[in-house]
Structure formats: structure tokens, C-alpha cells
K.L.:
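Pasting a structure here, questions to come.
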Amino acid sequence: MKRFGLAALGAAAMSALYTANAFAADTTKAAAETINQQDEGWTFTAAPYLWASGINGQSGLFGFPPQDVDVSFSDVLQHLRFGFMGVAEARNGRFTISTDIVYARLNADIGTPRGIIASNIDATVTTFMGTALGGYSVYYQDGTNFDLVAGARLWSADNRFEFHGGAFDGTSASDGDTWVDPVIGAKFKANVGNGFYLAGWGLVGGFGAGSKSMWDVMGGAGYQFNEKSSMFVGYRAVHDNYRHDGFVNDVTQQGPMLGFTYQFSAAHHGTMED
């Protein structure tokens, strides 16, 4: 019985030692994975996209009462002279820096009744929306991340009119403004398997510092072709309510998106010694 008791005690001790070693190994592995995620180096993503958006709301120029605006994407495309849309992001572990740029220049030839003021008006509308955000991933694991972000959005709108013929022949007029909104929000990306992923963001801003109010939401799905490239389709809506010195921009711009992403890294490799 004494030998049996010693044998049982030894088996229990060996079992406890094995369990402790296994727990230590798992803890060390988890810590190593966390260190690798935190020290993976910078990864850069560039994503040009097409946003087929229409515009509706109210717009006011030169202090006149705001007028209703309802412009479809086909109308925008008909008068588009130049445009660029793109997102860029730099990530190092849980930390991100990102930008989003939307620029468009439209031109329209407006006829006038009777031609007294002018026989026609050449209108050029230039808009710019540039966003810069810093973020931190509160969840960052297995190709899925949920980021809290904060930053600023720069808006610029310029409406220029050139009069031809009539009493105002050879004259021009312009109205617009430039303003900055503070922005806060969240972004996410989640791998769902077989190369597919979901992604989106939700932002709010303005708070009376620039715009009275502003929001920007986007969601969609993508497919990863390989480690560097993927395609994304989604839907985006942006609303801005800005009023200053007779200039009014109270509009919502929304429509489907199609984008392509390219990713490359500048990760450095080091060695760890026990």
C-alpha cells in the first residue's frame, strides 16, 4: 500500500508538472503572437474607387434662398470633366493612419430665357472632400479588426459662373467656401472565409465647429485575389449640413461603390533571443 501511495503521488506530481508546462507553452505562444502583431512593421494599402453617387438636398449661393437639388449619377457623369476618388491606409499592428480623397470638377452650359442678362452661362463646379484619420484597433485578431478613429475632414466647394452675351457679357461671379470638420467614428474589416471579407465604416462630425452636422456611412464586401490585391463593392452615403455667409450646402450624396486595393509592406525582420 505504501508503494501504491508513493506511485499515485508521483503520477499526480508528473500530471501537475505536465499541465503547468502546457499552460506555460500556451501562454508563451499567445504572448509571442501578440508581440508579432504589435511589431509586424508598416503595411500600406492603396485603393482607388468609383463612387456612382447622386446628390439631393438644398444648395444656396450668393445669399439667395436655398434651392432644392436632385441630381442623379447619370447627370453628374454627363457633366464630369475630371474626378478622383481613393483611400490609402498605413497600419502598424493595432495603429492606423488613413486618408480618403474625393475630388470632382463639373462643367455645364446653362441657357437663359430671352438672353437679356446673358445668352448663356458657363458654370464650373469644383468640390473636394479630404479626410485624415488616426485609429487604434480595439479588436485585432485572425484577419479581423475593429478600429476606433478620429481626425478631420476638409471640405472645399467653388461655384464659378461666366456670362456670355447679353448685359453681363464678359463678366463672372463665384461663390463657395472651405471648412474643416472634426470627425470621430469606427471602421471594421472581417474575413469570412474562402477569400471573402466584409468591411465598412461609420463617421460623424462637424459638431458646429465647421458643419452643423456631418455623417458618413459605408458597408460592403470584398474578395481577396492574393496577398496583395482585392476587389470591393459596397454602398456609401455622406451627408453634410453647412451654412455660412449666404452659402448653403445641405446635401446627401449616396450611391454604390466599386474599388480595387493593392497592399504592400515594409515589415522588418528581427531575431529574439531567450
Side-chain angles (χ1 to χ4, degrees), residues 34-35 37-49 51 53 57 84-104 127-157 177-191 197-222 230 232 234-244 249-255 257 259 261-267:
T34 301
I35 291 173
Q37 283 186 337
Q38 299 289 347
D39 193 34
E40 63 185 9
W42 287 101
T43 300
F44 302 93
T45 303
Y49 62 86
W51 183 20
S53 61
F84 174 81
M85 305 169 187
V87 171
E89 181 184 86
R91 173 179 288 275
N92 191 341
R94 292 179 179 267
F95 297 94
T96 63
I97 301 171
S98 62
T99 61
D100 175 32
I101 293 176
V102 178
Y103 174 85
T127 60
F128 176 84
M129 181 180 74
T131 311
L133 300 171
Y136 179 79
S137 299
V138 294
Y139 183 87
Y140 182 54
Q141 189 175 350
D142 300 328
T144 298
N145 57 273
F146 184 85
D147 305 344
L148 298 180
V149 298
R153 171 167 291 176
L154 172 66
W155 303 83
S156 180
D177 210 344
T178 299
W179 65 99
V180 178
D181 288 335
V183 177
I184 59 173
K187 292 184 175 184
F188 79 92
K189 180 180 179 182
N191 288 338
Y197 63 90
L198 303 176
W201 65 61
L203 307 172
V204 293
F207 311 115
S211 302
K212 181 179 179 181
S213 63
M214 184 280 296
W215 52 259
D216 181 346
V217 294
M218 188 280 293
S230 68
F232 181 84
Y235 194 91
R236 182 182 188 182
V238 176
H239 174 77
D240 179 61
N241 183 1
Y242 177 79
R243 300 166 184 262
H244 181 69
N249 186 69
D250 185 6
V251 298
T252 300
Q253 188 172 350
Q254 59 184 322
M257 293 176 63
T261 67
Y262 180 79
Q263 186 178 86
F264 60 97
S265 63

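Note that the structure is predicted; figures quoted are calculated from it, not measured. We count residues from 1, following the sequence as given.
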K.L.:
What heavy-atom pair brings F232 and G219 nearest, and what distance separates the two atoms?
P.N.:
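It is CZ-C, 4.3 Å.
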
K.L.:
May I ask you to decide if the ring planes of F44 and W42 are parallel, tilted or perpendicular, using 30° and 60° as cut-offs?
P.N.:
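F44 and W42: parallel rings.
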
K.L.:
Rounded to the nearest 0.5 Å, how far apart are CD of Q253 and CG of D216?
P.N.:
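Q253 atom CD to D216 atom CG measures 10.0 Å (nearest 0.5 Å).
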
K.L.:
Roughly how far, to the nearest 0.5 Å, is CD of Q141 from CZ of R94?
P.N.:
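CD of Q141 is found 8.5 Å from CZ of R94.
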
K.L.:
Check whether any side-chain heavy atom of Y242 sits under 4.5 Å from a side-chain heavy atom of W179, and report yes or no.
P.N.:
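In short, these two side chains touch, coming nearer than 4.5 Å.
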
K.L.:
What I'd like to find out is whether the side chain of L203 reaches to under 4.5 Å of the side chain of L133, using heavy atoms alone.
P.N.:
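L203 reaches L133 side chain to side chain.
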
K.L.:
Report yes if the side chains of Y136 and F95 come closer than 4.5 Å at any heavy-atom pair, otherwise no.
P.N.:
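In contact.
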
K.L.:
With rounding to the nearest 0.5 Å, note down the distance linking CH2 in W201 to CG in D100.
P.N.:
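If I round to the nearest 0.5 Å, the distance is 5.0 Å.
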
K.L.:
Roughly how far, to the nearest 0.5 Å, is OH of Y140 from CZ of R91?
P.N.:
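Here the interatomic distance stands at 5.5 Å.
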
K.L.:
Has the side chain of D181 got a donor or acceptor atom that lies under 3.5 Å from a matching backbone atom of S211?
P.N.:
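Answer holds: yes.
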
K.L.:
Give the minimum heavy-atom separation between A221 and L198, together with the two atoms involved.
P.N.:
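In this case the closest contact between A221 and L198 is CB-CD2, 3.8 Å.
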
K.L.:
Return the minimal non-hydrogen interatomic distance between F188 and A190, and the atom names on each side.
P.N.:
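Smallest interatomic distance, heavy atoms only, reads CD1-N, 4.4 Å.
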
K.L.:
Does L154 form a side chain to side chain contact (heavy atoms under 4.5 Å, CB included) with T178? I'd like the steps, not just the answer.
P.N.:
CA-CA 7 Å; L154 172 66; T178 299; 3.6 Å; yes

K.L.:
State plainly whether the residues R153 and D240 are in salt-bridge range, i.e. N to O under 4.0 Å.
P.N.:
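No, no charged N to carboxylate O under 4.0 Å.
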
K.L.:
Using the rule given for side chain to side chain contact (heavy atoms under 4.5 Å, CB included), can you reason through V102 versus R236, listing the C-alpha separation, both sets of side-chain angles and the distance that settles it, and then say yes or no?
P.N.:
CA-CA 13 Å; V102 178; R236 182 182 188 182; 4.1 Å; yes

K.L.:
A side-chain contact here means heavy atoms from C-beta on lying under 4.5 Å apart; do T261 and Y49 qualify?
P.N.:
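Of all side-chain heavy-atom pairs linking Y49 with T261, none is under 4.5 Å.
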
K.L.:
Mind checking the CG-CG spacing from D250 to N241? Nearest 0.5 Å is all I need.
P.N.:
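So the CG of D250 and the CG of N241 are separated by 4.0 Å.
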
K.L.:
Is it the case that the side chains of E89 and T96 hold a donor-acceptor pair, with the cut-off being a distance below 3.5 Å and no angle test?
P.N.:
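No donor-acceptor contact under 3.5 Å links the two side chains.
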
K.L.:
Closest heavy-atom contact between G206 and M214?
P.N.:
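Here G206 and M214 meet closest at N-CB, 4.4 Å.
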
K.L.:
For A237 versus W215, what's the shortest heavy-atom pair and its separation?
P.N.:
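Reported closest heavy-atom pair: O-CZ3, 3.5 Å.
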
K.L.:
Tell me if a side-chain donor or acceptor on H239 pairs with a main-chain N or O of V251 at a distance below 3.5 Å.
P.N.:
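Yes, the answer is positive, given that a donor and an acceptor are paired below the 3.5 Å cut-off.
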
K.L.:
Can you name the closest pair of heavy atoms from L148 and F146 and give their distance?
P.N.:
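In this case the closest contact between L148 and F146 is CD2-CE2, 4.0 Å.
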
